[in-house]
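See structure below.
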Amino acid sequence: MNTETMRADNSSSSPLNGLETGQLLDAYRKMAAIRAFEERLHTENLSGDIAGFIHLYAGEEAIAVGVCEHLRESDFIGSTHRGHGHCIAKGCDIKLMMCEIFGKENGLCAGKGGSMHIADLSRGMLGANAIVGGAPSLAIGAALTCKHQGEGMVAVSFTGDGGSNQGTTFEAMNMAVVLKLPVVFVFENNGYAEATAHDYAVGCRDIAARAAGFGLPAEKVDGTDFFAVHEAAARAVARARNGEGPGVIEAVAQRWYGHFEGEACAYFAEGEIEALRQNKDPLKLFRDKAGAVVSADEFKRVDAEVVALIDEAVELARGSALPATDTLLTDVYVSY
Amino acid sequence: MNTETMRADNSSSSPLNGLETGQLLDAYRKMAAIRAFEERLHTENLSGDIAGFIHLYAGEEAIAVGVCEHLRESDFIGSTHRGHGHCIAKGCDIKLMMCEIFGKENGLCAGKGGSMHIADLSRGMLGANAIVGGAPSLAIGAALTCKHQGEGMVAVSFTGDGGSNQGTTFEAMNMAVVLKLPVVFVFENNGYAEATAHDYAVGCRDIAARAAGFGLPAEKVDGTDFFAVHEAAARAVARARNGEGPGVIEAVAQRWYGHFEGEACAYFAEGEIEALRQNKDPLKLFRDKAGAVVSADEFKRVDAEVVALIDEAVELARGSALPATDTLLTDVYVSY
Amino acid sequence: MTSKTVREAITEALLQEMRRDPSIVLMGEDVRGGAGSAVENLEAWGGVLGVTKGLWSEFGSARVIDTPITESAILGMAAGAAMTGMRPVAELMFADFFGVCFDAIYNQASKFRYMFGGKAKSPMVVRTMIGAGLRAAAQHSQSPYHIFTSVPGLKCVMPANAYDAKGLLIQAIRDDDPVVFCEHKTLYEKAMEVPDESYAIPFGEANILREGSDVSIVAFSSMVYVALEAADVLAREGIAAEIIDPRSSSPLDTDTLVETVEQTGRLVIVDESAARCGVAHDIAAFVSQEAFALLKAPIQIITPPHTPVPFSPALEDVWIPAADRIVRAARTVMRADD
Amino acid sequence: MTSKTVREAITEALLQEMRRDPSIVLMGEDVRGGAGSAVENLEAWGGVLGVTKGLWSEFGSARVIDTPITESAILGMAAGAAMTGMRPVAELMFADFFGVCFDAIYNQASKFRYMFGGKAKSPMVVRTMIGAGLRAAAQHSQSPYHIFTSVPGLKCVMPANAYDAKGLLIQAIRDDDPVVFCEHKTLYEKAMEVPDESYAIPFGEANILREGSDVSIVAFSSMVYVALEAADVLAREGIAAEIIDPRSSSPLDTDTLVETVEQTGRLVIVDESAARCGVAHDIAAFVSQEAFALLKAPIQIITPPHTPVPFSPALEDVWIPAADRIVRAARTVMRADD
Ligand SMILES: Cc1ncc(C[n+]2csc(CCOP(=O)(O)OP(=O)(O)O)c2C)c(N)n1
Ligand SMILES: Cc1ncc(C[n+]2csc(CCOP(=O)(O)OP(=O)(O)O)c2C)c(N)n1
Ligand SMILES: [Mg+2]
Ligand SMILES: [Mg+2]
């Protein structure tokens, strides 16, 4: 990715964005849970017990969490095929997510959705979405609801660098500007869409600037830096809540695994991922920055907690029943 | 329309863009033919003999002609529902166009297309297109052909201000940049899409700047000034021919009639159209500017010629036969 | 009870429902018309054919929303609003345009409930114009409701008259599932007595327009009138046709279909949607599987030809299924069991 | 003659045709893979399931074109290139995505010839993956070829084996009309003997996989194997099933359909496309209209249920039509005329 186009990182005026210890630990816990969830799926997937396509979010944790820390349960998010991180950041039940990915009857979607369609509307999570560019148009709809209800609710869409090129995405941004909707479009620029580099497929090589041309404020931030994402999101979410209209955040952070599990990653330069793990680990960066107020032991305790939680989740998922075959025909219509 | 966003008009360095008398008269003849064609359709339509939806191009003549004067027969253009002007500018047979609009068997499309689908591929005219945002994606395909054939051919798409918002249009611009295609996207900003103002529906109120964000040079010109359009098109077409990639021209010029014939134009301010006819008549502006080298008599002769031509066209169209009903079933497939 | 056109019946349904339920919002291109114009307080269009006229004046821009020409954003926004608590009524001006925006209802709204394990609903309506006859040519004359019908999770309705238009639209708005509501552009001027008060017509209940024991003719939307015309001709020949308008293709009133075939043993289906894989074929397949023993003659399917809609009136008039084709088909099936 | 998988047969068809005709270009997402990566000269994917592997290495970026994830631009570009002299083969990775880009073939490429009075042609192929079975859930498992079939001007093919895949793809590329070429994602590994040289299989010619005089079973694509499995069971019961794979749904080999029913008088159609308005319904309607007198029993239609494709293997396996449903249907029609 052309890093020259990356703007100066939006280093916070107040240290640690004014977050207190409890808030820092909450955010860190979510990021750590996403990491543990994804790494566990990576190994579970090797065992062959997980069906379908799995897209891991490891490496991008700071984006989902940095944004969602500003959201209330009644706010909405739309997501992508790479949706586990967004789900966890928005408060979905981690165990029931795992059950869903295992295709079990007690999964968040009763086993009917799977990894690419995990949703929990009661938490404002409008679903992972296997259509690239699917979330932005749903998010403007959710934002219309927010505007209509007049209670300062907002909607956020997460979209990849690949999805930033979709016509649906551009249409949604224009509509949001025209109707001044309380929505934030977050572009997760992880350098690749499948095996195609951002630098090739995004003709202008600058998602944020292109978005800004649509008439809404757009910022580009380092997506591995929780505090940078968090600060940009603070501005965008506040504007939306205050009725000042939509905004855009482009957050740059590569994924650590293949496009989907099992994919060979031939397009990564040698050592590229190792270097990321060394130098751009969002969790490590968080610990470094927050180390002044949170002790290493506290972080370790959280790390252990989330690993235990994921263990329980996998255990539950493995032990749960498959959906009964008669559920095949239910939930098609509300009325029959 | 927010005229403040209009850039300084690209007044030519050489007077009359270096065009000689013959060339000037050719261009004027086309503009006058478009005008006469459209005004005649306006009256013919009142007679009730013309079926379907008719969208008139009067007031925007300088755009189609200013661009197409740079094109060869082997170059391609894609068009809109408001396509008569583009057809004439690209050299379609005016009489057969009229026959088509009257739904006759000798029409350019054998009566099967009508006003919204006039095409003549032998002239590189890829069809009026009743899908808003239809032309840009076809134009990039034609541009791919041009690039493949390596003979300096180019493709142009014409799209309205309304169509500039379509996802298909944005996708096409990005693709053109990525593949460095020899294509020029011309946006005809006539202030309205149906009854909705550009200022409302184009969130950023600046089609050219928004397009530039996609990574291609974009200029905004006064679309009633043939010479301004012609000069901007010279640059964009030359770049495309030389393999330097795509470009964008936004040309501003209002239509003089309703969105379609019979539409009431309630959204025009009082006197708006009259003022346009007075001050922004593309033909009058042309005559004024070119008056130094072309005499008023010469212009009058051309005016009379085109009126006669349109008379003949209408006469031919009225006298021609309707398509035989067995043609209903032909031309669906090449192979059967 | 007042005489109302289909257009007026639709406007009234929208008006009454919007007064009743503030969560209903309209969105589409020029559903108001005049947004951004210099003329103040202007409702320039009320829809391209005037169907939403007056609604903006009553409900304002927050509930009658003019949009850019971006159908994916219109339908997508409706889907997102529906799943979060609103009842959007989106207008897709011509059904032909579904090609640029189908994902919003094909992969999104219609599937949410199922994909999310029954925990979502998408109470949205897509109002859209279908049909040939206005010389609008190949890209503005289609009736792709067979496609909508084939999508699980979607419902699909196409009223043939003003009474049905009002009652079915009210049902569509109150329905918790996504509904495509198909308005035939040649029917807007058709008038009949329509109650002033609000009423809903349940989906999946056919309307028997005319009873008859010789042959059953099934038709939707504007084809109903062609069928009625044919029935008149047939009556003069002593053939009593029963005319059935299922009104919704999804759900489909299969009971009535079986009942009518029980009575007549002969079925003619006339349908504008498609010459291949259309709604007529769907019904024929259903009847031939489920009521085979009742059939005295082959089912006759009458559709336009497998061609785009031609522009020239001389061709379009032949493209549209005409009464004489129905009459001939009915005669054929009457002869078949002689 | 070498044993080749469906995947290899498709790759070979593309390779041989591209060598023959320089106007053929491929375009799609990651048909090469690796564009813009720091790794030089990389063909990272060759399509998400490896079907176009090797082609970029031979033909380079001018003819094997990686695109952004913008399906409207992909199919639109193909349509524009086709009408101006190229023979594009566009890849729509999953057929489910037609919802974001259908206009390019629905209102554009398929209609040019007709709308322009016979003066255009659009020789383009859309290669696309269909089918359930890979636990890819509701938005990556559909088979909307009934929709493609219903569009006048489009052709639609779905090969069931490697031999057909090669010959039909070569035909699709040489064909002057736009063709949707549907590849079932569960069939790529199926292998059989396939000639090394180039050959084309005409559209509209059914493949009779097995002859039998008791009951005709019509199936496309992966359903052919389910039908064959059922035929084995039926054979053990003394019921001789004829298995017909029409191979293309548009054009459709109606002659063979009538001939087989002439012989058996009993028809079972098994089809994955849709539970409503699907290809099975289309065929049933055709036969029940045109060959009614030949039918000894009601036509049996076997499709998935009218639901989205569920994710959980426990549900998806029940969603896909299985051999035992065909066996039961065949038994039913064998009993019907006893
Ligand atoms: C409309 C559509 N086109 C193509 C795909 C196939 N696909 C799934 S993920 C993906 C890449 C998405 O890239 P990006 O948006 O950058 O997200 P990332 O995977 O990098 O998180 C593609 C092409 C799809 N699911 N939907
Ligand atoms: C996809 C699509 N949506 C909507 C329409 C209906 N429609 C026809 S022309 C038009 C307005 C187009 O406005 P603009 O692009 O500015 O072109 P203009 O008419 O001003 O030349 C609309 C909405 C259409 N034909 N196609
Ligand atoms: Mg990406
Ligand atoms: Mg306009």
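Naming convention: chains lettered A, B, ... in sequence-line order (proteins, then strands); numbering from 1 in each chain.
Ranking C/A275, C/P310, C/A274 against chain D, the residue ahead of the rest is C/P310, based on heavy-atom pairs under 4.5 Å. Between chain C and the options D/P308, D/C101, D/A284, D/G278, heavy-atom pairs under 4.5 Å are most frequent for D/P308. The choice from C/Q108, C/E290, C/Q300, C/Q142 that makes the most heavy-atom pairs within less than 4.5 Å of chain D is C/Q142. When D/I301, D/I147, D/L252, D/V151 are compared by the number of non-hydrogen pairs under 4.5 Å with chain C, D/I301 comes out ahead. Interface summary for chain D: among C/P298, C/A285, C/S288, C/P144, the most heavy-atom pairs under 4.5 angstrom belong to C/P298. No other option in D/L295, D/I269, D/I283 has as many heavy-atom pairs under 4.5 Å with chain C as D/L295. Of all the listed residues (D/K111, D/R113, D/M115), the one sharing the greatest number of non-hydrogen pairs under 4.5 Å with chain C is D/K111.
In this structure, C/S72 and D/V100 have side chains that are not in contact, with every pair of non-hydrogen atoms separated by 4.5 Å or more.
Within the model, atoms CG of C/N107 and CZ of D/F98 stand 8.0 Å from one another, a figure rounded to the nearest 0.5 Å.
Here the closest heavy-atom approach between residue C/C277 and residue D/D282 is recorded as N-OD1, 2.8 Å. The two atoms that bring C/R276 and D/S150 nearest to each other are O-CB, 3.1 Å, heavy atoms only. Heavy-atom minimum distance, D/A297 versus C/F292: C-CE2, 3.5 Å. For the pair D/T307 and C/Y114, the tightest heavy-atom approach, listed with the atom from each and the gap, is OG1-OH, 3.8 Å. Closest non-hydrogen pair, D/G153 versus C/H306, comes out as N-NE2, 4.4 Å.
Interface remark: C/S273 contributes no atoms to any contact with chain D (heavy atom separation under 4.5 Å). Neither the backbone nor the side chain of C/V287 comes within contact range of chain D; no heavy atoms are under 4.5 Å apart.
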